[in-house]
Q: 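Before anything else, here's the structure in question.
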Protein chains: 2
Amino acid sequence: MLNQTVGQTISDETRQRVLQAVTELDYRPNRAAQGLRQGRTATIGFVSHDADFGEFAASAIKGAHEACIRQGNLLLLVNTGGSNRQAAHLIGDLLDRQADALIFAAVGTRSVVLPDAALRVPTVLLNCFAANDPVPAILPDEVRGGRESTQALLDLGHRDIAYLTGKPSQWATKARLRGFREALRGAGLNPAEHTVLSGNYHADSGYDLVRTLLQRNPPPTAIMCGNDRMAVGALLGLLEAGLRVPEDVSVMGYDDQFQLAAEVRPALSTVLLPYPGMGRLAAEQLAIGVPTSPGRTLVHCPVVMRDSTAPPARTRARS
Amino acid sequence: MLNQTVGQTISDETRQRVLQAVTELDYRPNRAAQGLRQGRTATIGFVSHDADFGEFAASAIKGAHEACIRQGNLLLLVNTGGSNRQAAHLIGDLLDRQADALIFAAVGTRSVVLPDAALRVPTVLLNCFAANDPVPAILPDEVRGGRESTQALLDLGHRDIAYLTGKPSQWATKARLRGFREALRGAGLNPAEHTVLSGNYHADSGYDLVRTLLQRNPPPTAIMCGNDRMAVGALLGLLEAGLRVPEDVSVMGYDDQFQLAAEVRPALSTVLLPYPGMGRLAAEQLAIGVPTSPGRTLVHCPVVMRDSTAPPARTRARS
DNA sequence: TTGAAAGCGCTAACAA
DNA sequence: TTGTTAGCGCTTTCAA
């Protein structure tokens with residue numbers, strides 16, 4: 001009766017008696033016992049498959065958590081430290097506790113080996129993908145993000161744009177760079193004439209690469225960075241060299257990192273990586289009754305224009 | 001037998017047979033059923049009691065998770081969004097699922113109202129405290145952190161140190177400021193003669209306050225910041241004003257924020273807030289058989305000296 | 001409309 | 001040393 005089983009009949013009097021007892025005794029059903037009986041624990045396993053447990057995981061978990069709460073589920077969290085062995089092990093732990101479903105998330109978007117055990121329950125890949133797409137995957141549309149942020153700079157009038165990339169081996173790096181080149185070509189420019197320097201997503205690589213860049217003559221009018229941390233490093237390097245942002249050089253970040261991109265001065269123009277939304281989406285895909293969309297779902301990353309970008313000085317002088 | 005119950009006897013032959021069956025059938029005990037039977041689910045509830053789910057929560061969870069795995073426990077995670085009502089509600093959810101113990105964590109160190117339900121299982125407060133200390137609390141030793149970072153600047157020879165604080169209403173802000181003043185007095189200086197400006201822990205407040213500060217004449221030889229984000233803001237403001245760090249001004253951060261303090265240029269001297277260690281400690285306190293240390297446990301925050309601090313120019317010139 | 005009973009998968013206690 | 005049984009708290013089915 002407490003579960004409102006359909007097609008049940010109960011007298012009003014008894015209902016009152018039951019309800020009163022419930023409040024009097026402060027009765028709360030034991031969900032472990034419920035789970036045992038119904039084979040459903042209202043618990044979703046969240047596997048963070050990475051060495052670090054940082055900004056991304058936190059944001060994605062926040063989103064997933066929100067959706068879960070709405071569905072009456074709770075998140076059982078594990079962190080694999082990036083090890084496949086540990087991943088398989090922990091997924092075992094999750095399944096032993098009868099998790100109803102799994103979210104398998106990576107920080108650096110990449111290809112992962114999904115342990116077989118994960119296929120025993122509904123699973124969604126978050127910010128990663130596996131060979132042959134055995135389960136749905138949710139990914140940011142990095143090519144588009146790279147393209148549209150470059151386009152934003154082109155629209156401002158920039159024609160000499162340098163790109164300080166993140167770690168070249170990463171999927172996201174390649175995708176963003178592809179978008180960068182697509183946009184340049186779309187504007188009738190030759191990508192080969194634009195400087196591309198390889199970094200590693202750390203702030204200091206932004207700093208170092210800017211210094212390398214400034215040895216060139218003349219410097220580009222705009223600089224795209226692999227992420228916001230690199231952009232902050234670039235900002236520091238440019239300022240130190242006596243250049244003003246955005247008056248002398250425009251800087252574009254990526255990620256819209258929480259408590260960084262918007263707070264730095266000048267506030268960074270960047271591309272928003274919607275981690276909370278992706279986490280939410282993952283949890284919603286797992287809700288019972290929702291048809292899972294197979295294959296890869298690309299999530300749009302909108303460009304956010306703030307104060308680190310402006311028309312290039314040449315154009316401005318002319319106007 | 002699989003649980004290695006003590007004082008049991010079993011023939012070698014049967015043991016082999018059982019073990020073989022286990023591997024053959026790939027048998028895994030259902031831990032939900034186990035939990036029902038033993039009244040122990042090997043699950044610890046982690047309550048993040050804050051609006052945001054960022055750096056701190058991630059680091060603390062990472063530490064707690066590590067310790068949990070070692071103990072064979074898993075973390076059941078909830079985020080209250082900072083609402084007491086939601087906290088009570090979610091703790092109910094956790095207890096309904098028979099969580100064995102709770103870690104109740106806040107991001108901004110502060111006083112919290114612990115829902116009564118939490119007292120029904122072993123609970124540890126992480127980075128927060130409650131009136132009358134009903135359960136053990138683990139807190140960073142902010143006074144000491146403030147004192148020792150100030151002392152580090154004094155040791156370098158600085159005698160004119162400004163403090164750009166975090167949000168004045170916060171416990172941590174007051175504690176660090178107290179440490180700052182203690183250190184000054186300890187060096188025979190008068191705290192009233194040192195500029196203290198109130199910020200809010202956001203990077204832009206570091207930037208804004210530095211600009212205010214630079215209207216003074218002469219500027220201080222060293223600047224303490226409420227946290228690393230403010231320090232980054234300060235760095236940007238100083239550079240923009242044509243001042244060099246640390247040649248002209250030393251800058252001290254706080255937090256040793258992951259992927260920020262060490263990566264920025266110059267790398268920030270700062271105070272390490274050992275969140276992962278605190279999370280680990282919390283989980284270990286909850287391990288069965290460990291005597292819980294009542295009251296508040298203050299965790300030391302060591303000063304980390306990097307490149308944003310140096311002896312003041314005057315001293316250097318003299319030497 | 002209500003009550004009784006079986007059983008989810010496991011463990012602990014007891015008999016054989 | 002091994003096998004059997006009761007029961008954790010719940011839901012579902014069936015009988016009254």
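The chains referred to below are lettered A, B, ... by the order of the sequence lines, with proteins before strands, and numbering in each begins at 1. What you see is a predicted model, and the numbers here were worked out from it, not measured in a lab.
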Q: According to ring-ring contact (aromatic ring centres under 6.0 Å, His included), does anything in residues 14-52 of chain A pair up with another residue at least two apart or in another chain? List the pairs.
A: His49(A)-Phe104(A)
Q: With the side chain counted from C-beta on, respond yes when Val135(B) and Val124(B) share a heavy-atom pair under 4.5 Å apart, and no when they do not.
A: no
Q: Would you list the pairs meeting salt bridge (charged side-chain N to carboxylate O under 4.0 Å, His left out) in which at least one residue belongs to residues 279-300 of chain B, sequence neighbours left out?
A: Glu66(B)-Arg280(B), Arg70(B)-Glu284(B), Asp133(B)-Arg296(B)
Q: Ignoring hydrogens and angles, state whether a donor on the side chain of Tyr201(B) or Gln259(A) is under 3.5 Å from an acceptor on the partner side chain.
A: no
Q: Contact between Thr80(A) and Val47(A) at the side-chain level, heavy atoms closer than 4.5 Å - yes or no?
A: yes
Q: Enumerate all atom pairs, one protein N or O and one N or O from nucleotides 14-16 of chain D, separated by less than 3.5 Å.
A:
none

Q: If you take any heavy atom closer than 4.0 Å to DNA chain C, which residues from residues 23-31 of chain A end up in contact?
A: none
Q: Which pairs count as ring-ring contact (aromatic ring centres under 6.0 Å, His included) when at least one residue sits in residues 61-81 of chain A, sequence neighbours excluded?
A: none
Q: Grab the N/O contacts between the protein and nucleotides 14-16 of chain C below 3.5 Å, and write none if there aren't any.
A:
none

Q: Calculate the interatomic distance between Arg37(B) atom CZ and dT5(D) atom C1'; express it in whole Å.
A: 11 Å
Q: Could you tell me which residues satisfy ring-ring contact (aromatic ring centres under 6.0 Å, His included) with Phe129(B), sequence neighbours excluded, listed by chain and number?
A: Trp171(B)
Q: Does Gln38(A) place a side-chain N or O at less than 4.0 Å from the phosphate oxygens OP1/OP2 of dC8(C)?
A: no
Q: Given Watson-Crick or G-U pairs with both distances under 3.5 Å, what dot-bracket string fits DNA chain C, with | for other-strand pairs and [ ] for crossing?
A: ||||||||||||||.|
Q: What pairs of nitrogen or oxygen atoms, one from the protein and one from nucleotides 2-4 of chain D, lie under 3.5 Å apart?
A:
from   : atom 1 : to       : atom 2 : distance (Å)
dT2(D) : OP1    : Ser11(B) : OG     : 2.5
dT2(D) : OP1    : Thr14(B) : OG1    : 2.6
dT2(D) : OP2    : Ser11(B) : N      : 2.8
dT2(D) : OP2    : Ser11(B) : OG     : 3.2
dT2(D) : OP2    : Thr14(B) : OG1    : 3.0

Q: Just how far, in rounded Å, is P of dT11(D) from CZ of Arg40(A)?
A: 12 Å
Q: With sequence neighbours left out, write down each residue that passes side-chain contact (heavy atoms from CB on, under 4.5 Å) with Asp100(B), or none if nothing qualifies.
A: Arg40(B), Thr41(B)
Q: Let me know the distance between CG of Asp96(A) and C1' of dG9(C), rounded to the nearest Å.
A: 13 Å
Q: Without decimals, in angstroms, what is the distance between Asn3(A) CG and dC10(D) P?
A: 10 Å
Q: Quick one: are Ile138(A) and Leu125(A) in side-chain contact, heavy atoms under 4.5 Å?
A: no
Q: Is there a side chain to side chain contact (heavy atoms under 4.5 Å, CB included) between Leu114(B) and Leu119(B)? Walk through the geometry before answering.
A: CA-CA 8 Å; Leu114(B) 188 65; Leu119(B) 300 176; 4.1 Å; yes
Q: Would you check if Arg229(A) and Gln257(A) make a side-chain contact, meaning some heavy-atom pair closer than 4.5 Å?
A: yes
Q: Using the salt bridge (charged side-chain N to carboxylate O under 4.0 Å, His left out) rule, collect all pairs that involve residues 80-99 of chain A, keeping only residues at least two apart or in two chains.
A: Asp96(A)-Arg28(B)
Q: I need the CD-C1' distance between Gln34(B) and dA12(C), as an integer number of Å.
A: 13 Å
Q: Could you please spell out the steps behind the side-chain hydrogen bond (donor to acceptor under 3.5 Å, both in side chains) verdict for Glu24(A) and Gln20(A)?
A: CA-CA 6 Å; Glu24(A) 256 172 33; Gln20(A) 189 187 343; 2.9 Å; yes
Q: If you check the Leu36(B) side chain, which of dT11(D), dT11(C), dG9(C) turns out closest?
A: dG9(C)
Q: Kindly write out the residues that satisfy side chain to side chain donor-acceptor pair (under 3.5 Å) with Thr23(A), not counting sequence neighbours, or none if the list is empty.
A: none
Q: Would Asn30(B) and Leu36(A) count as a side chain to side chain contact (heavy atoms under 4.5 Å, CB included) if you check the C-alpha gap in whole Å, the side-chain angles of each, and the deciding distance to 0.1 Å?
A: CA-CA 9 Å; Asn30(B) 177 332; Leu36(A) 179 60; 4.2 Å; yes
Q: Do Asp255(B) and Val271(B) come close enough that some side-chain heavy atom pair is under 4.5 Å?
A: no
